[in-house]
2 protein chains.
Amino acid sequence: MLTRLFALPSLQPVSNRFGFSMTLKELAQILGLSPTTVSRALNGYPEVSESTRRRVAEAATRHNYHPNVQAKRLATGRAMAIGHVIPISTQHEIVNPVFADFIAGAGEVYARAGYDMIISIVADDDEEQAYRTLRSKGNVDGVIVHGPKRGDPRPALLDELGLPYVVHGRVSDYAAPYAWVDVNNTRAFERGTAFLSDLGHRRIALVNGLESMDFAARRREGYEAALAARGLARDPALMTAGEMTEAQGYDAACAMLSLPDPATAFLTSSLLSAMGVRRAIEERGLALGRDVSVLTHDDELSYMKNGTELPIFTATRSSVREAGRICAQMLLDRIAAGPEAPIATRLLEAVLVVGQSTAPARHLIAS
Amino acid sequence: MLTRLFALPSLQPVSNRFGFSMTLKELAQILGLSPTTVSRALNGYPEVSESTRRRVAEAATRHNYHPNVQAKRLATGRAMAIGHVIPISTQHEIVNPVFADFIAGAGEVYARAGYDMIISIVADDDEEQAYRTLRSKGNVDGVIVHGPKRGDPRPALLDELGLPYVVHGRVSDYAAPYAWVDVNNTRAFERGTAFLSDLGHRRIALVNGLESMDFAARRREGYEAALAARGLARDPALMTAGEMTEAQGYDAACAMLSLPDPATAFLTSSLLSAMGVRRAIEERGLALGRDVSVLTHDDELSYMKNGTELPIFTATRSSVREAGRICAQMLLDRIAAGPEAPIATRLLEAVLVVGQSTAPARHLIAS
DNA sequence: CGCGACATCCAAACCGCTTTGGATTGAGTC
DNA sequence: GACTCAATCCAAAGCGGTTTGGATGTCGCG
């Protein structure tokens with residue numbers, strides 16, 4: 001505990017129980033004004049003259065005054081914070097690698113708006129309870145829903161709780177309208193498949209993420225739609241889904257390059273998988289972008305660049321960080337607008353960037 | 001704004017301005033007790049009989065009562081929250097890839113202890129101000145310092161502010177005692193280098209992280225110490241430092257394998273770099289773990305496994321997630337113990353796991 | 001000069017919880 | 001039966017802001 005050593009004979013109180021920050025009351029006393037006036041001056045209310053407002057603002061910065069957040073929250077009823085609930089699966093302990101970049105983007109927006117970002121790590125069986133207590137404790141004004149699955153129960157829950165939210169991704173089978181920001185995964189993979197098909201590839205493999213995830217299911221749909229449109233057969237031996245690691249890509253490519261009728265092109269869901277595919281290709285003495293083509297989706301993660309100027313992999317590209325910014329802004333807007341306001345959605349289009357990993361198909365001798 | 005549509009003729013008030021959560025006062029009224037007693041019952045104070053305590057607890061769960069966090073915080077003066085300030089460098093926009101796993105570990109601990117984790121994304125020139133306002137707004141009880149650099153100013157600042165903190169890593173040149181949790185990077189790289197030297201390698205390359213970072217500087221020191229101890233020359237052509245990407249490893253290895261006296265073994269700071277090194281090796285028709293050895297540091301990131309059972313790369317291994325847990329617990333302990341309590345530190349030892357990427361040195365024809 | 005309108009400021013209530021300092025009750029003691 | 005003491009409970013005063021409902025002063029205008 002902090003003890004006040006001396007009673008300073010100063011007009012300015014130097015210590016309170018928080019020790020280091022001054023209170024509104026103290027500031028008011030220094031200025032010879034009432035707390036009311038000081039509060040109003042700082043919050044831009046019209047009932048205070050410009051001159052005193054300046055005087056107050058100047059004193060506030062000079063004394064490094066910042067209103068205590070807890071008090072402000074209690075008084076206004078707004079938490080000035082956004083929650084991100086991150087489920088840690090009890091089976092496979094994967095922390096989503098795009099998460100860091102997403103919150104970097106979202107965090108920028110929150111910081112500018114004076115909001116806090118609070119992250120709850122929670123075992124995925126407790127997720128529902130996590131949202132309920134979040135609501136009931138009242139420490140967030142809204143939440144971002146990460147990594148929606150097919151049939152995800154969270155939108156229904158959050159609607160029931162009346163907690164504003166924006167989904168990063170979509171929940172295909174939720175009927176009621178809800179706010180979301182998503183990449184057009186179907187279109188991206190449709191275009192990717194079409195691009196490879198246009199290069200003459202007829203054995204195009206899909207190395208996908210876990211298809212219980214909504215985004216992965218959509219990607220497969222796009223892939224299949226493009227195959228169908230081109231009259232190409234859908235071959236289960238060329239389709240795999242799993243956690244998007246280097247090893248996944250390697251293992252899948254090993255298998256698919258050893259088929260009697262091997263893959264000549266790969267569509268992967270992440271750069272890591274693509275790197276694994278590349279390794280399997282090169283291990284066979286084949287050349288990436290000559291013998292075998294690879295096209296990947298690229299989330300533009302900051303620690304995982306696809307080349308600097310010239311892209312290494314041909315890719316459908318869409319920044320997760322930017323998605324974070326957009327999600328955050330949409331949620332803040334939604335909170336400001338109130339529950340009756342119309343619901344916004346935003347579909348982002350991935351751009352197709354052509355790199356060095358794709359080329360016209362050539363006939364190969366199965367190794 | 002929420003409007004109360006009907007005045008329900010119920011004993012139990014269903015609505016307040018927060019709309020969805022009930023207040024202590026309401027709960028007390030339902031129970032026919034005073035708020036004081038209810039508060040004490042729920043917080044485990046002895047001045048309340050076991051029978052009423054049970055009655056209160058039961059009613060609380062039945063009505064899904066959770067004390068409003070803001071009010072609690074204001075009343076107790078404790079924020080019940082820990083801050084993580086993440087600087088986003090304005091030059092190279094790297095979001096540290098270990099960050100996600102670290103906070104996953106820390107978050108588990110916070111959740112168990114009833115603490116919130118609040119993340120501030122901030123441009124790195126504003127970092128000092130970020131800590132000051134954090135302090136002055138009073139919305140955290142302490143902070144974790146991420147990614148310390150050589151000569152990092154943050155410990156001094158935080159000591160000045162009187163804000164409890166734990167550093168993940170160390171600040172070599174800060175004289176005053178401070179709390180930290182770190183891997184023994186020096187020792188890990190010393191051992192790694194010695195291990196490769198024991199295999200007969202005399203041209204051991206170091207592919208390091210940016211050496212302005214304290215951890216990277218320590219790693220180099222360990223590497224150099226081992227070289228010196230073995231009487232091996234320190235060759236600048238075999239040492240590189242940069243952002244730890246696949247491309248970094250690839251580029252470095254390309255250069256170092258093309259030297260007149262090429263590297264026969266590599267020590268890398270991350271799995272990504274190691275993967276790049278592997279690619280350069282295989283591209284030359286050499287075999288990893290036969291012609292050229294690679295030993296990497298492995299943070300055990302959840303999305304970046306070094307094999308499942310059998311490690312792919314020989315590695316010095318230390319879980320960042322576990323470090324997150326330890327850091328968080330240390331900080332909570334420190335906050336509970338008060339500023340006068342002795343300062344704790346914790347040095348974690350990396351384990352050396354032998355995988356398939358290292359083998360005795362053999363003479364190579366420079367390609 | 002008197003009056004209303006407006007500008008400017010303030011006292012006090014309130015947000016929901018904790019905690020201090022009693023008040024009340026009942027059992028135990030002589 | 002009076003008295004002590006512990007066990008239980010409560011009223012009220014904070015915590016540091018916001019906000020309602022005036023109070024006061026100033027000015028313009030008939």
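Protein chains get the first letters and strands the later ones, always in sequence-line order, with residue 1 at the start of each.
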Under-4.0 Å side-chain N/O to phosphate OP1/OP2 contact, [X] with [N]:
| X | N | result |
| --- | --- | --- |
| B/Thr37 | D/dT8 | no |
| A/Thr36 | C/dC10 | no |
| A/Asn43 | D/dT18 | yes |
| A/Tyr65 | D/dG17 | yes |
| B/Lys72 | C/dT18 | yes |

Which nucleotide in the list [options] gets nearest to the side chain of [X]?
| X | options | result |
| --- | --- | --- |
| B/Ser49 | D/dC9, D/dT18, C/dT18 | D/dC9 |
| A/Ser39 | D/dT19, C/dC10, D/dC10 | D/dT19 |
| B/Arg40 | D/dT20, C/dT19, C/dG16 | C/dT19 |

[X] [atom1] - [N] [atom2] separation (whole Å):
| X | N | atom1 | atom2 | value |
| --- | --- | --- | --- | --- |
| A/Arg73 | C/dC17 | CZ | P | 16 Å |
| B/Met22 | C/dG16 | CE | C1' | 13 Å |
| B/Arg54 | D/dT8 | CZ | P | 12 Å |
| B/Arg78 | C/dC17 | CZ | C1' | 13 Å |
| B/Leu31 | D/dC9 | CG | C1' | 13 Å |
| A/Asn68 | D/dG14 | CG | C1' | 14 Å |
| B/Leu24 | D/dG14 | CG | P | 19 Å |
| B/Glu47 | C/dT18 | CD | P | 13 Å |

* Asked: Between B/Asp141 and B/Arg78, is there a salt bridge with N-O shorter than 4.0 Å?
  -> no
* Asked: Is it true that B/Asp116 and B/Arg73 have a side-chain N and a carboxylate O under 4.0 angstrom from each other?
  -> yes
* Worked check of salt bridge (Lys or Arg N to Asp or Glu O under 4.0 Å) between A/Arg132 and A/Glu160 -> CA-CA 10 Å; A/Arg132 288 190 185 281; A/Glu160 176 203 329; 3.5 Å; yes
* Asked: With ring centroids as reference points, do A/His168 and A/Phe99 lie under 6.0 angstrom apart?
  -> no
* What do the steps show when you test B/Glu50 against B/Arg53 for salt bridge (Lys or Arg N to Asp or Glu O under 4.0 Å), and what is the final call? -> CA-CA 5 Å; B/Glu50 260 321 305; B/Arg53 188 193 302 285; 3.1 Å; yes
